[in-house]
**Student:** 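Handing you a structure now.
Only heavy atoms go into these numbers, but all of them, side chains included; no hydrogens, no water, no symmetry mates.
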Amino acid sequence: MLGKLLKHEWKEVSVIPCILSAILLVLSVISGFSFLGIREGIADVSRFMTVMLWMLFYFALIAVSMGITIYMAVHFYRTMYTDEGYLTHTLPVSGRELLWSKLIPMVIWSFLTIIVVFLAVLIFGGMGVMFASREGMVSMAEIRGSIQELIGQLQLMGSGSMTAFILSMLYIMIVGIFNGPMMLAGAIAIGQLVGKHRILGSIGAYFGIMTIFQIVSQVVFLPMMFGFDGDNPLPLLTGTYFGIGTVSLVVTVLLYFVTEYLVTKKLNLE
Amino acid sequence: MAWNLDSDRPIYAQILERIQRQIVSGEYAPGTKIPSVRELAAQAGVNPNTMQKALSELERSGLVVTMRTSGRVVTEDMEMIKQIRKQLAAEQAAEFIKQMKELGFQKADILALIEQETGGEEA
Amino acid sequence: MSGLVEIHNLTKTYDKKKEALHDLTLTLPRGKIIGLLGPNGSGKTTLIKLLNGLLVPDSGEILIDGEKPGPSTKAKVSYLPERTYLKNGATIRELLSCFQDFYEDFRADRAKEMLAALQIEENARIRTLSKGTREKVQLILVMSRDASLYILDEPIAGVDPAARDYILRTIITNYNENATVLISTHLITDIENILDEVIFMKEGNLLLQTSVEEIREEKGKSVDAYFREVFAC
């Protein structure tokens with residue numbers, strides 16, 4: 001049954017995020033073309049237009065990634081706890097299967113959103129470099145040079161700590177892909193415990209979880225601050241990322257069990 | 001709904017009476033098929049179990065016969081239909097006379113009234 | 001044979017103080033159309049939600065065909081809630097495929113026939129349908145299942161007489177013969193002729209469960225009149 005649930009859920013939930021992603025990618029190409037007009041001494045008007053396009057692209061990045069996240073949260077709320085919940089919860093499936101069928105697409109889209117944003121930035125930046133180098137404003141050799149310089153600097157810090165740093169970044173990103181959706185679903189489920197104002201309850205629960213999360217992160221982070229030798233920041237950052245990553249992993253797992261308990265044992269549709 | 005039934009009298013008896021009348025009046029001619037319980041219940045807006053009970057009663061009295069191939073059909077026994085017709089007429093007459101007496105009519109008044117009311121038809 | 005639904009000492013409390021159901025014990029027999037009647041706040045809707053697993057009881061138990069509400073009872077209970085749960089963006093065809101995928105007892109051909117009779121296009125989106133049509137679509141979906149128990153919450157509230165006739169006819173013609181139909185309503189007059197039994201509820205408990213023909217025969221009253229008498233204050 002989980003397979004059938006996932007099939008229906010995925011089809012239903014993916015339309016809007018697909019459209020939003022497509023809009024962002026198209027926008028990244030359009031904004032990328034704005035680099036075409038850049039040369040020394042261009043008119044103020046076109047400079048203004050170019051900057052506006054860049055800003056538009058920047059806002060679109062934020063709007064689309066937030067839009068997809070909010071859409072997924074609203075969809076979870078709508079199908080689980082509004083009138084539509086009357087159908088959702090009378091399907092012949094267990095509460096756990098239902099929850100997984102909602103969470104899996106949320107996690108996949110939380111991953112895809114990162115990919116889409118990354119792609120959009122890559123297109124925008126790539127086109128920028130391409131056009132700028134054609135105008136002779138930057139040369140490819142110059143870019144190559146500065147990248148090599150950066151790598152050189154990083155190598156100075158020691159390749160072992162570099163690998164650890166990259167791993168810690170990957171770790172926190174992967175945990176984040178799961179943590180984001182779980183925070184939203186958990187907050188919405190907890191909000192249902194409030195008698196009347198359940199949406200407010202959910203928002204309150206979200207900020208409550210965030211606060212607890214931040215306090216715990218601080219507690220983990222502080223001791224490491226004292227261990228900082230002031231010379232090489234990389235090990236400190238690596239440690240912080242691993243610390244925060246692990247805290248959010250624990251929060252994610254705890255929230256999952258709380259949510260599963262609420263969905264299977266405390267369902268209370270209005 | 002389609003059938004006008006009183007909710008304060010047993011529905012079963014009212015349905016029974018109504019189908020009897022339909023048979024006697026020829027609305028359901030001898031030998032014609034009676035719709036299924038479900039269909040009749042839906043038409044009448046009554047409970048299928050109640051309709052089933054009424055049809056079983058009609059079967060028991062012989063006015064409706066169950067054929068193996070065509071389901072329930074109206075009996076072709078004209079004698080029986082005639083008899084039921086008489087019985088229904090007698091019941092109506094008794095009811096009418098009772099009501100007239102309640103209005104204070106005597107036998108002669110009632111007969112005169114009937115004579116007067118049916119006079120036009122005979123002419 | 002035991003009843004289709006057995007309820008023992010069922011209690012459900014909201015918010016500590018408000019008690020919705022108090023120690024309710026009740027049996028629903030098989031193959032009957034049963035009216036669930038009672039004033040507002042008598043616990044009808046709470047009972048219906050508990051039967052469908054939309055609420056969890058505080059104590060006591062519900063057995064449907066010997067099982068507690070869960071995936072396997074949901075597979076044989078067909079539920080028409082008071083509100084419309086149809087997704088606005090979905091087409092009729094998508095809804096049919098959803099029901100067909102999840103409910104083994106769903107008869108798509110029957111649903112299609114009824115939709116065609118009402119001239120409802122399968123490509124139509126729910127958002128484009130009137131409120132009355134949406135309600136009919138939902139009823140058609142619910143009644144196209146060969147369920148063991150149909151639970152219909154206020155199926156004729158706020159509809160015109162023609163729609164009411166359509167709804168009652170649809171229920172009578174489509175329910176599975178061995179199934180029980182539980183209809184909650186406050187419009188007793190409109191519905192009493194199709195009932196076998198009635199359950200009167202008051203303040204979260206069972207006041208009375210009896211056959212409707214018995215009420216007519218013994219009291220010489222309609223169920224509606226009898227209800228008024230019982231609940232007169």
**Student:** Among residues two or more places apart or on two chains, list those pairs meeting side-chain hydrogen bond (donor to acceptor under 3.5 Å, both in side chains) that have a residue in residues 96-110 of chain B.
**Tutor:**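 Only B:Glu95-B:Gln99 qualify under side-chain hydrogen bond (donor to acceptor under 3.5 Å, both in side chains).
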
**Student:** Can you tell which of C:Ile194, C:Leu195, C:Asp196 makes a side-chain contact (heavy atoms from CB on, under 4.5 Å) with B:Asn49?
**Tutor:**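 The option that passes is C:Asp196.
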
**Student:** If you draw a 6.0 Å radius around CD in B:Glu91, do more than 12 non-hydrogen atoms from other residues or ligands fall strictly inside?
**Tutor:**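 It does: B:Glu91 CD has more than 12 such atoms within range.
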
**Student:** How long is the straight-line distance from CD of C:Glu197 back to CG of B:Asn47, given to the nearest 0.5 Å?
**Tutor:**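 B:Asn47 atom CG to C:Glu197 atom CD measures 10.0 Å (nearest 0.5 Å).
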
**Student:** Any donor-acceptor pair under 3.5 Å linking the side chain of C:Glu213 with the backbone of B:Tyr12?
**Tutor:**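 Side chain of C:Glu213 to backbone of B:Tyr12: a pair is present.
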
**Student:** Kindly indicate whether the side chain of B:Glu39, heavy atoms from C-beta on, has any atom under 4.5 Å from the side chain of C:Thr173.
**Tutor:**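 Of all side-chain heavy-atom pairs linking C:Thr173 with B:Glu39, none is under 4.5 Å.
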
**Student:** Is C:Asn174 in contact with chain B via its backbone, its side chain, both, or neither, using a 4.5 Å heavy-atom distance?
**Tutor:**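 C:Asn174 touches chain B through backbone heavy atoms alone.
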
**Student:** Please check if the number of heavy atoms outside B:Gln83 that lie under 6.0 Å from its CD is greater than 12.
**Tutor:**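 At most 12 heavy atoms, drawn from other residues, nucleotides or ligands, come within 6.0 Å of this atom.
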
**Student:** Which heavy-atom pair separates B:Pro10 from C:Glu217 by the least distance, and what is that distance?
**Tutor:**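 For B:Pro10 and C:Glu217, the tightest heavy-atom pair comes out as CG-CG, 3.8 Å.
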
**Student:** Can you check whether B:Leu5 reaches C:Asn193 side chain to side chain, under 4.5 Å on heavy atoms?
**Tutor:**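 B:Leu5 reaches C:Asn193 side chain to side chain.
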
**Student:** Could you tell me whether B:Arg38 sits above the aromatic face of C:Tyr175, with NZ or CZ closer than 6.0 angstrom to the six-membered ring centre and within 45 degrees of the axis?
**Tutor:**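 Verdict for C:Tyr175: a cation-pi partner in B:Arg38.
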
**Student:** With side chains defined as the heavy atoms from C-beta onward, is the minimum distance between B:Pro48 and C:Ile33 less than 4.5 Å?
**Tutor:**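 They are in contact (side-chain heavy atoms under 4.5 Å apart), so the answer is yes.
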
**Student:** Checking C:Glu192 against chain B: side chain, backbone, both or neither under 4.5 Å from a heavy atom?
**Tutor:**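 Side chain only.
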
**Student:** Which heavy atom of B:Arg9 sits nearest a heavy atom of C:Arg216, and at what distance?
**Tutor:**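 Where B:Arg9 meets C:Arg216 most closely, the heavy atoms are O-CD, 3.1 Å.
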
**Student:** Tell me, yes or no, whether the heavy-atom count around C:Asn40 atom CG, taken from other residues, nucleotides or ligands under 6.0 Å, exceeds 12.
**Tutor:**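 Check fails, neighbour count at 12 or below.
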
